[in-house]
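Please read these numbers as outputs of a predicted model, since none were measured by experiment. No hydrogens, no waters, no symmetry mates; every other heavy atom, side chains included, goes into these values. Chain letters run A, B, ... following the sequence lines, proteins first, then strands; residues in each count from 1.
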Amino acid sequence: MTIESSISKGVKDAALALYSADVADNQVQLQETRKEFSGDITVVIFPFLKISKKSPEQTGQEIGEFLKIQLPEIEGFSIVKGFLNLTINRNYWLSFLNEIIPNANYGYAMPNSTGHSVMVEYSSPNTNKPLHLGHVRNNLLGFSVSKILKANGHNVIMVNLVNDRGIHICKSMLAWKKWGNGATPITTGKKGDHLVGDYYVKFDAEYKKEIKHFIDKGLTQEEAEKQAPLIKQAQEMLRKWEAKDNDTVTLWETMNSWVYKGFDETYQKMGVTFDRVYYESQTYLHGKDIVNKGLKDNILYQKPDNSVWADLTNEGFDEKLLLRSDGTSVYMTQDLGTACQRFNEYHVDEMIYVVGNEQDYHFKVLSLVLQKLGYSWASQLKHMSYGMVELPSGKMKSREGTVVDADDLVTEMIDTAQAMADELGKLDGYTAQQAENIYRIIGLGALKYFILKVDPKKNMTFDPKESIDFNGNTGPFIQYTYTRIQSIIRKASEMGIVIPHSIDTQIIIGEKEKQLIKLLYKYPAIVRDAGSMLSPALIANYVYEVAKEYNQFYHEFSILKEENIIIRNFRLALSQITGKVIQSAMDLLGVEVPERM
RNA sequence: GGUUCCGUAGCUCAGUUGGAUAGAGCAACAGCCUUCUAAGCUGUGGGUCACGCGUUCGAAUCGCGUCGGAAUCACCA
């Protein structure tokens, strides 16, 4: 039983004994005592004034006295206005440390202990251009959320859905055929996804020229866009692809294989992984069967031009197209098919889509249509909607060349880490290989932490030049704190000190030390909250607090030089546990911690 | 225009069942390295929590309205 639940129960007992009143659980409000007051846990007294019919001070006094007698952990209390501040004795906190020392997975639930399985889809790139900053946020969120859900005891399946078909890919293919001169990643030395992306850009530039040409001849913008030979050729290519034309399919396979190789490299560099990759080219047809069945069952309806629709007006939405008049499928059709396939294959309890908030409408409709079609799991689809990443100059636009490329960004971060480390002379005496690994860990740590510390729901601003810092509330700051701890532990070991597995619970500890223990105590609750709210930001902000608190402790107390061996060992053990929690929390964010830096 | 989301310090962000004097970091300024890694620690300044009204013992948090921003409402994905 946690100390909070003991107190909560005690307060209810007090209300019954003192005022003969039953109070509901949610009437008992506990919170951390604010730092400016003495105490650890605070009971809010206001809700009890009606039943006590006394002043807040008097009521607090009575409940406080009751609790102190009932609960041995409570050492004393004080009342400020309507707040009863309880002080928990040091013995309790030290015993708690003793409990978590042997626990290798402190903060985590047992793997697969909930019996709940959840599939997380993230990344979902198009194969016509390389990954950019927007994908970076998506990848980091998806990977971190998956880890957090695992830490909560769920069985998690991480999947990627590659959008490998459609007109956008034909544009790249066409441009490559016209202007590529047979260029390949090998002949150009270019990463495959970047090479293909270049032809997508080339297409767009040439297409614009054609449009301008037609407008100059007197056509409207809209007419010009439709008349341009390039777009017609691209559409023709798509039709050939759907008809399985040999040359087209071969080219498509070749260029996609370049892109996948490039993506794999980027994923590997970022440290994200998938259990299963789906390709839209393989799933897009399944949706049609589902729609046709819905039509037969009169759940969907057909318009005179043969297009198929779902009527969602009763649910407060519009009608939604599910099949075009020519019988081809749209985005929604594919997603219906993919969802069905996944639930059939994996029988998951929950499906989480990590997709930007620009698609809020799409996922509401997706879930609704599936519910209408009678799938019992339809309500278990969850859209983890995250905000856009904006640049100081505004939105990123591929066509205007204002995108921040994922590979460039990672490289830049690692280079910055290197420049910083070299300037500080931190890694003198390391081999080039060791040093490079540390630059990588720090550079990526800075990037990942910077993005994940922001509430996923919110749009965020990213300034590639100025936003990334290595001091303050940053990944490297937390990593640095970890290396400080590891350094002490190494030194202790060199001195022949064995950190004990059990601490004397009678020792006198300082306020800062207690603060740190209390923070570590919160970790499992933070992991739970992060899981239920799908928010890595909670973990990020927590681990920052831990690092900050530890640095203050580190500054205030000597550890290895402490003469009292019992106290010294306590501080060593506290440091070690702090290090473990930092490592564990950072791991949930997908961030590595170095042993030195 | 309809719907949804957002607006907290110069900048980037915390603040989650409503709770005490709204917190960090960056930037600025002032201190701390013969002592466990100064990528650290300490201090100073900086706020009409967009605005108004309401609910409440109590509102950054809940409700209504106004202003400002974003997304979306495609036979695009």
Side-chain angles (χ1 to χ4, degrees), chain A residues 25-26 29 31 33-34 36-37 42 44-47 49-50 56 80-83 85 124 126 163 165-168 280 303 305 307-309 316-318 320-326 328-332 334-335 356-362 364-365 385 387-388 390 392 395 417 420-421 423-424 426 442 446 450 453-455 457-463 466-467 469-481 483-492 495 529 532-533 535 537-538 540-541 544-545 547-548 550-552 554-562 571-572 575 596-597:
Chain A
D25 283 337
N26 62 7
Q29 292 179 43
Q31 53 189 267
T33 303
R34 293 179 65 117
E36 55 267 40
F37 304 104
T42 294
V44 184
I45 294 301
F46 294 109
L49 300 185
K50 276 182 188 150
V80 182
K81 295 185 197 169
F83 300 92
N85 299 328
S124 316
N126 288 354
N163 181 10
R165 46 153 245 120
I167 189 80
H168 47 285
E280 277 195 1
K303 288 194 176 178
D305 65 357
S307 55
V308 180
W309 299 74
F317 293 87
D318 215 335
K320 181 74 194 173
L321 176 84
L322 299 178
L323 280 182
R324 293 191 186 101
S325 48
D326 64 2
T328 58
S329 58
V330 292
Y331 180 37
M332 184 63 73
Q334 295 165 188
D335 269 5
N357 62 14
E358 57 198 347
Q359 294 195 34
D360 285 355
Y361 181 83
H362 173 80
K364 275 181 195 155
V365 171
S385 165
M388 301 287 96
E390 281 158 20
K395 285 197 67 175
M420 189 82 79
E423 192 187 313
L424 295 171
K426 286 282 185 178
I442 296 170
F450 183 83
K453 75 174 176 185
V454 181
D455 183 344
K457 292 196 305 279
K458 292 192 176 177
N459 288 0
M460 64 179 291
T461 309
F462 185 91
D463 187 334
E466 290 168 24
S467 285
D469 219 306
F470 288 74
N471 305 312
N473 186 359
T474 66
F477 166 80
I478 296 161
Q479 291 170 322
Y480 177 69
T481 309
T483 60
R484 275 183 149 179
I485 293 171
Q486 296 316 103
S487 173
I488 285 182
I489 290 171
R490 271 197 306 274
K491 287 220 161 75
M495 290 161 68
D529 288 350
S532 62
M533 304 181 73
S535 175
L538 293 181
N541 287 304
Y544 170 63
E545 254 187 279
K548 208 165 127 77
Y550 184 82
N551 277 316
Q552 290 167 8
Y554 178 91
H555 188 256
E556 195 175 318
F557 296 96
S558 294
I559 299 169
L560 293 171
K561 294 197 175 68
E562 170 60 44
R571 289 181 188 157
L572 271 170
S575 298
R596 304 158 202 258
M597 67 187 271

Q.
Classify A:A537 by what it touches in the nucleic acid, base, sugar-phosphate, or nothing, heavy-atom distance under 4.0 Å.
A. nothing
Q.
Regarding A:F37, tell me which of base, sugar-phosphate or nothing describes its non-hydrogen contacts under 4.0 Å with the strands shown.
A. base
Q. Between B:G68 and B:C49, how far is it from one C1' atom to the other, in whole Å?
A. 16 Å
Q) Would you write out the dot-bracket form of RNA chain B, 5' to 3', with Watson-Crick and G-U pairs under 3.5 Å, [ ] for crossing pairs, | for pairs to other strands and . for unpaired bases? A) (((((((..((((.....[...)))).(((((.......))))).....(((((..]....))))))))))))....
Q: May I ask you to verify whether the side chain of A:T42 and the base of B:A20 hold a donor-acceptor pair under 3.5 Å?
A: yes
Q. Base, sugar-phosphate alone, or nothing: which one does A:F477 contact when heavy atoms must sit under 4.0 Å apart?
A. sugar-phosphate
Q.
Quick check on RNA chain B: between A:K457 and A:F557, whose nearest nucleotide comes earlier from the 5' end?
A. A:K457
Q) Using the glycosidic torsion, which applies to B:C73: syn (within 90° of 0) or anti (everything else)? A) anti
Q: Taking atom P in both B:A30 and B:G69, compute the distance separating them and give it to the nearest angstrom.
A: 40 Å
**Q.** For atom CG of A:D469 and atom P of B:A24, their distance in whole Å
**A.** 18 Å
Q. Base, backbone or nothing for each nucleotide of nucleotides 70-77 of chain B, written B, S, -, heavy atoms under 4.0 angstrom, 5' to 3'?
A. SSSS-BSB
Q | B:A9 to B:G23 separation - C1' atoms, rounded to the nearest Å | A | 11 Å
Just the table, please: protein N/O against nucleotides 30-33 of chain B N/O, every pair under 3.5 Å.
none

Q. Base, sugar-phosphate alone, or nothing: which one does A:V454 contact when heavy atoms must sit under 4.0 Å apart?
A. sugar-phosphate
Q: Please check the phosphate of B:A14 (OP1 and OP2 only) for any side-chain N or O of A:K458 closer than 4.0 Å.
A: yes
Q: Could you check which of B:G40, B:C57, B:C36 has an atom nearest any side-chain atom of A:N471?
A: B:G40
**Q.** Span that lies between the C1' atom of B:C36 and that of B:G43, in whole angstrom
**A.** 25 Å
Q: Could you tell me whether A:Q29 contacts a base, only the sugar-phosphate backbone, or nothing, with contacts defined as non-hydrogen atoms closer than 4.0 Å?
A: base
Q) Has the side chain of A:K364 got a donor or acceptor that lies under 3.5 Å from a partner of the other kind on the base of B:U4? A) no
